[in-house]
Number of protein chains: 2
Amino acid sequence: MTDLAPAAPPEPPYYAVVFTSVRTDGDNGYGERAAEMVRLAADQPGFLGVDSARGSDGLGITVSYWRDEESIRAWRDHVAHAVTRAEGRARWYESFAVHVAKVERAYDFQRQAV
Amino acid sequence: MTDLAPAAPPEPPYYAVVFTSVRTDGDNGYGERAAEMVRLAADQPGFLGVDSARGSDGLGITVSYWRDEESIRAWRDHVAHAVTRAEGRARWYESFAVHVAKVERAYDFQRQAV
């Protein structure tokens, strides 16, 4: 058993923002800023959770969950986030894709302790 | 530069299935089956792409992209996939969450070669 677990799905409908990326070489201040952005996002109205993983091949996926489109727009327009996105294009990312999606159904599974 | 890149977003609307998981200890035949499922999914009608990452902490995220709900349902009901999901609950996963979502907008970024 581990405490690590995916974010529990809220009651649909809600929104998911899928951010898939390949980083440039080196850290260049990325790690610190990424942690700061996760803390800041978690303080925004409508934030429901986030999951993030980067594999040994370098491909990373972050999925953040939001109550509605309004909360996604407000986070997009947050100054610190907008500045960070510009830095991401300038320094941190080789390539990325963003998908904004309305979650229609969800379920989860948790192994029972034996 | 690298050939590694996120799946390019199709023209919305399309569907994303976000599968977030924590594995049990050991491989137990998981790796081979996971690769087989990716190959099989890619052969299904309506399959548009897939991205997958598992971080060193053990959290994994796989996002598959589909043309419509019908193609997601057909893949869900594919016998080999259904059998594999049952094995996943029995052996491979400590916990997981699934979010089925309709992508409303998407964009991507590719660094230009200098």
Side-chain angles (χ1 to χ4, degrees), chain A residues 1-10 12-25 49-65 69 72 85 88-113, chain B residues 1-10 12-25 49-65 69 72 85 88-113:
Chain A
M1 292 292 291
T2 167
D3 286 343
L4 184 71
Y14 55 95
Y15 277 78
V17 178
V18 178
F19 178 75
T20 311
S21 67
V22 175
R23 295 258 290 105
T24 50
D25 292 335
V50 62
D51 286 314
S52 200
R54 187 169 300 278
S56 53
D57 63 357
L59 186 80
I61 305 177
T62 295
V63 187
S64 58
Y65 302 100
E69 291 201 88
I72 293 173
R85 286 203 309 283
R89 288 171 186 264
R91 298 201 290 168
W92 294 320
Y93 295 111
E94 197 65 55
S95 58
F96 64 73
V98 178
H99 312 255
V100 180
K102 185 178 190 175
V103 179
E104 299 180 345
R105 60 183 189 278
Y107 57 96
D108 60 353
F109 165 81
Q110 176 65 58
R111 182 170 302 281
Q112 299 305 306
Chain B
M1 291 293 290
T2 165
D3 286 342
L4 184 69
Y14 55 95
Y15 277 78
V17 178
V18 178
F19 178 75
T20 311
S21 68
V22 176
R23 294 259 290 103
T24 50
D25 293 334
V50 63
D51 285 315
S52 201
R54 187 169 299 278
S56 53
D57 64 356
L59 186 81
I61 305 177
T62 296
V63 187
S64 58
Y65 302 100
E69 291 201 85
I72 293 174
R85 285 204 310 284
R89 289 171 185 264
R91 298 200 290 168
W92 294 320
Y93 295 112
E94 198 63 58
S95 57
F96 64 73
V98 178
H99 312 255
V100 180
K102 185 178 190 175
V103 179
E104 299 180 345
R105 60 183 189 278
Y107 57 97
D108 60 354
F109 165 81
Q110 176 65 58
R111 181 170 303 282
Q112 298 305 307

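Side chains are part of it too, since the values below use all heavy atoms of this structure and drop only hydrogens, waters and symmetry mates. Chain identifiers are assigned alphabetically (A, B, ...) following the order of the sequence lines, protein sequences preceding nucleic acid strands; residue numbering begins at 1 within each chain.
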Could you walk me through whether B:V103 and A:V100 satisfy the side chain to side chain contact (heavy atoms under 4.5 Å, CB included) test, starting with their C-alpha distance in whole Å, then the side-chain angles of each, then the deciding distance to 0.1 Å, before giving a yes or no? CA-CA 6 Å; B:V103 179; A:V100 180; 5.8 Å; no

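Looking at A:R89, its side chain never comes within 3.5 Å of a backbone N or O of B:F109 through a donor-acceptor pair. Side-chain atoms of B:R54 do not come within 3.5 Å of backbone N or O of A:A53 as any donor-acceptor pair.
Of the two parts of B:A8, neither the backbone nor the side chain holds a non-hydrogen atom closer than 4.5 Å to a non-hydrogen atom of chain A. Interface remark: A:V18 contributes side-chain atoms only to the contact with chain B (heavy atom separation under 4.5 Å). With a 4.5 angstrom heavy-atom cutoff, A:R105 touches chain B via backbone and side-chain atoms both.
To the nearest 0.5 angstrom, B:D51 atom CG is 10.0 Å from A:S21 atom OG. For the atom pair NZ (A:K102) and OH (B:Y15), the distance works out to 10.0 Å, reported to the nearest 0.5 Å.
With chain A as the partner, the residue from B:V17, B:V98, B:L59 showing the most heavy-atom pairs under 4.5 Å is B:V98. Contact count versus chain A (heavy atoms, under 4.5 Å) is highest, among B:S95, B:G55, B:A106, B:P13, for B:S95. Per-residue counts of heavy-atom pairs under 4.5 Å with chain A were compared for B:I61, B:D108, B:T24, B:V63; the largest is that of B:I61.
Closest approach of B:A7 and A:A97 over heavy atoms only: O-CB, 3.9 Å.
Judged as a side chain to side chain donor-acceptor pair (under 3.5 Å), and not counting sequence neighbours, the contacts of B:T62 are B:S52.
In the model, A:H99 has no side-chain atom that pairs as donor or acceptor with a side-chain atom of B:Y107 under 3.5 Å.
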